[in-house]
Enquirer: 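The structure that follows is given in the form of structure tokens.
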Amino acid sequence: MIHFPEGEKRLKVRTILAMGAATFMLAAQPTFAAPQTARSSADEQMAVAAMADMFKAEPLTAEQQARLPKAERIVGTIMPPGTMQSLMGSMFSRILDPMMKKFAKPGAMEIARQLGRSPGTLDLSPEAAGEIEAILDPAWQQRNALQMSVFKESMGKAMSAMEPDMRVGMAQAYAVNFTDAQLDDILAFFTTPTGLVYARRSYMLASDPHILAASMKGLPKMLDNMKTMQAKVSAATSGLPPRRGYDDLSADQRETLARLTGLTQDQIQRGMERAAGKQADAGK
């Protein structure tokens with residue numbers, strides 16, 4: 001599990017939203033992060049390396065390698081330089097911008113955090129939250145606007161940085177999934193006026209308002225399925241023994257945990273009790 005400082009968590013939420021939208025295109029409160037610690041940076045590098053290792057692709061065969069030049073021509077037509085940044089800009093304005101503006105509005109959770117209270121302990125109307133935020137941070141609107149601007153620019157650059165690797169990966173995928181004759185047919189279509197228009201627009205269709213609206217209409221069905229997921233998980237795991245608490249551990253097991261984690265017995269006990277309490281609250 002990667003742990004981030006509280007300020008970083010809200011930026012991570014934004015980044016995950018943006019990258020999630022970007023991933024969809026390819027197939028929380030706004031507070032910018034303080035400098036990362038060496039530990040969190042190392043954790044991120046390990047996580048990235050683990051993800052890269054999970055999604056390794058098989059090397060191309062000699063036959064597939066021979067088809068690569070044609071595949072590269074196709075991908076170059078579909079994804080000319082600047083496509084990813086344009087796509088990110090389109091998705092940002094149509095999806096992420098409205099979402100982040102909603103998250104940017106001061107809410108009871110953010111007010112509670114600034115006042116050192118636990119989440120959910122304050123019941124505030126939007127008007128009251130706005131009035132309180134004006135007292136705690138008079139520049140919050142300007143701060144949010146600047147953060148949004150920097151975030152959008154940074155994500156655009158990040159997507160541009162991904163573009164060369166994406167182009168290589170797409171070309172390899174085309175070389176693997178299409179025969180030589182099929183690649184010729186695709187190239188022939190792309191040389192026609194209609195084919196060229198299709199090639200240039202097909203990648204951008206993911207951000208078309210009609211597709212986005214249809215996706216939003218499907219959300220209730222997805223949420224209905226998600227509601228039953230916890231019950232299904234509980235049923236599937238009902239035959240397993242419960243997770244061990246501190247009292248269930250033997251003296252040797254406690255000593256082993258302390259040796260491996262570097263924590264004291266008191267820290268382990270209090271931490272496990274807190275985790276058990278949070279899990280019990282989540283199950284209610």
Enquirer: Please name the pair of heavy atoms, one in Ser202 and one in Ile78, separated by the smallest distance, quoted to 0.1 Å.
Expert: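 Between these two residues, the closest heavy atoms are OG-CG2, 4.1 Å.
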
Enquirer: Within this structure, what is the CZ-OG1 distance for the pair Arg200 and Thr83, rounded to the nearest 0.5 Å?
Expert: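 So the CZ of Arg200 and the OG1 of Thr83 are separated by 8.0 Å.
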
Enquirer: Around atom CD of Glu58, are there more than 12 heavy atoms of other residues, nucleotides or ligands at under 6.0 Å?
Expert: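 No.
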
Enquirer: Using side-chain hydrogen bond (donor to acceptor under 3.5 Å, both in side chains) as the criterion, list what pairs up with Glu72, not counting sequence neighbours.
Expert: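 side-chain hydrogen bond (donor to acceptor under 3.5 Å, both in side chains) check on Glu72 returns nothing, list empty.
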
Enquirer: Within the side chain of Gln172, is there an N or O that forms a donor-acceptor pair under 3.5 Å with the backbone of Leu60?
Expert: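 Looks like no, no N/O pair under 3.5 Å.
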
Enquirer: Is there a side-chain contact (heavy atoms from CB on, under 4.5 Å) between Leu196 and Thr77? Walk through the geometry before answering.
Expert: CA-CA 8 Å; Leu196 182 60; Thr77 305; 3.9 Å; yes

Enquirer: OG of Ser86 to CE of Met159: how many Å apart, nearest 0.5 Å?
Expert: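 Between Ser86 OG and Met159 CE, I get 11.0 Å after rounding to 0.5 Å.
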
Enquirer: Return the minimal non-hydrogen interatomic distance between Ala171 and Ala71, and the atom names on each side.
Expert: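 Here Ala171 and Ala71 meet closest at O-CB, 3.1 Å.
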
Enquirer: Hey, what do you get for CG (Asp185) to OG1 (Thr179), rounding to the nearest 0.5 Å?
Expert: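 Rounded to the nearest 0.5 Å, the CG-OG1 separation comes to 7.5 Å.
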
Enquirer: Does one hydrophobic cluster hold both Val197 and Ile74, with members joined at side-chain heavy-atom distances below 4.5 Å?
Expert: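 No, because Val197 and Ile74 fall into different hydrophobic clusters, even though each may have its own neighbours under 4.5 Å.
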
Enquirer: If you apply the rule side-chain contact (heavy atoms from CB on, under 4.5 Å), what do you find for Tyr246 with Arg270, and how did you get there?
Expert: CA-CA 9 Å; Tyr246 185 82; Arg270 286 188 287 110; over 6 Å; no

Enquirer: Just wondering, are more than 12 heavy atoms of other shown residues or ligands nearer than 6.0 Å to CD in Gln267?
Expert: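 Yes, CD of Gln267 has more than 12 neighbouring heavy atoms, counting only those of other groups under 6.0 Å.
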
Enquirer: CD/Gln265 to CD/Glu255 distance, rounded to the nearest 0.5 angstrom?
Expert: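 Atom-to-atom, Gln265:CD and Glu255:CD are 7.0 Å apart.
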
Enquirer: Might you point out which heavy atoms bring Ile211 and Leu205 nearest each other, and give the distance in Å?
Expert: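 Heavy atoms of Ile211 and Leu205 come nearest at CD1-O, 3.0 Å.
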
Enquirer: Would you confirm whether Ser250, through its side chain, and Gln253, through its main-chain N or O, come within 3.5 Å as a donor-acceptor pair?
Expert: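 Flag set: sc Ser250 to bb Gln253 pair under 3.5 Å.
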
Enquirer: If you take all heavy atoms of Phe190 and Gly195, which pair is closest and at what distance?
Expert: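 Where Phe190 meets Gly195 most closely, the heavy atoms are CD2-O, 3.5 Å.
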
Enquirer: Indicate, with yes or no, if Val75 and Tyr198 share a hydrophobic cluster defined by side-chain heavy-atom contacts under 4.5 Å among Ile, Leu, Val, Met, Phe, Trp and Tyr.
Expert: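 Hydrophobic grouping puts Tyr198 with Val75.
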
Enquirer: What do the steps show when you test Glu63 against Arg67 for side-chain contact (heavy atoms from CB on, under 4.5 Å), and what is the final call?
Expert: CA-CA 7 Å; Glu63 182 181 358; Arg67 296 198 290 264; 3.2 Å; yes

Enquirer: Are Tyr174 and Val176 co-members of a hydrophobic cluster defined by side-chain heavy atoms under 4.5 Å apart?
Expert: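 As far as the 4.5 Å side-chain criterion goes, Tyr174 and Val176 are not connected within one cluster.
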
Enquirer: Using 0.5 Å steps for rounding, measure from the OG1 atom of Thr264 to the CD atom of Gln269.
Expert: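 That separation rounds to 9.5 Å.
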
Enquirer: Could you list the residues that satisfy side chain to side chain contact (heavy atoms under 4.5 Å, CB included) with Asp123, not counting sequence neighbours?
Expert: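 If we apply the side chain to side chain contact (heavy atoms under 4.5 Å, CB included) test to Asp123, skipping adjacent residues, there are no hits.
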
Enquirer: Do Met170 and Phe178 share a hydrophobic cluster, counting only Ile, Leu, Val, Met, Phe, Trp and Tyr and linking them when any side-chain heavy atoms are less than 4.5 Å apart?
Expert: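 Same cluster: Met170 reaches Phe178 through Ile, Leu, Val, Met, Phe, Trp or Tyr contacts under 4.5 Å.
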
Enquirer: Under a single-linkage definition using a 4.5 Å side-chain heavy-atom cutoff for Ile, Leu, Val, Met, Phe, Trp and Tyr, are Met79 and Met162 assigned to the same hydrophobic cluster?
Expert: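 Yes, it is one cluster - the side chains of Met79 and Met162 are joined through contacts under 4.5 Å.
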
Enquirer: Identify the two heavy atoms, one from Arg254 and one from Asp247, that lie closest to each other, and give their separation to 0.1 Å.
Expert: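 Here Arg254 and Asp247 meet closest at NH2-CA, 3.6 Å.
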
Enquirer: Any salt bridge linking Arg167 with Glu163? Criterion: basic side-chain nitrogen under 4.0 Å from a carboxylate oxygen.
Expert: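 So Arg167 pairs with Glu163 through a salt bridge.
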
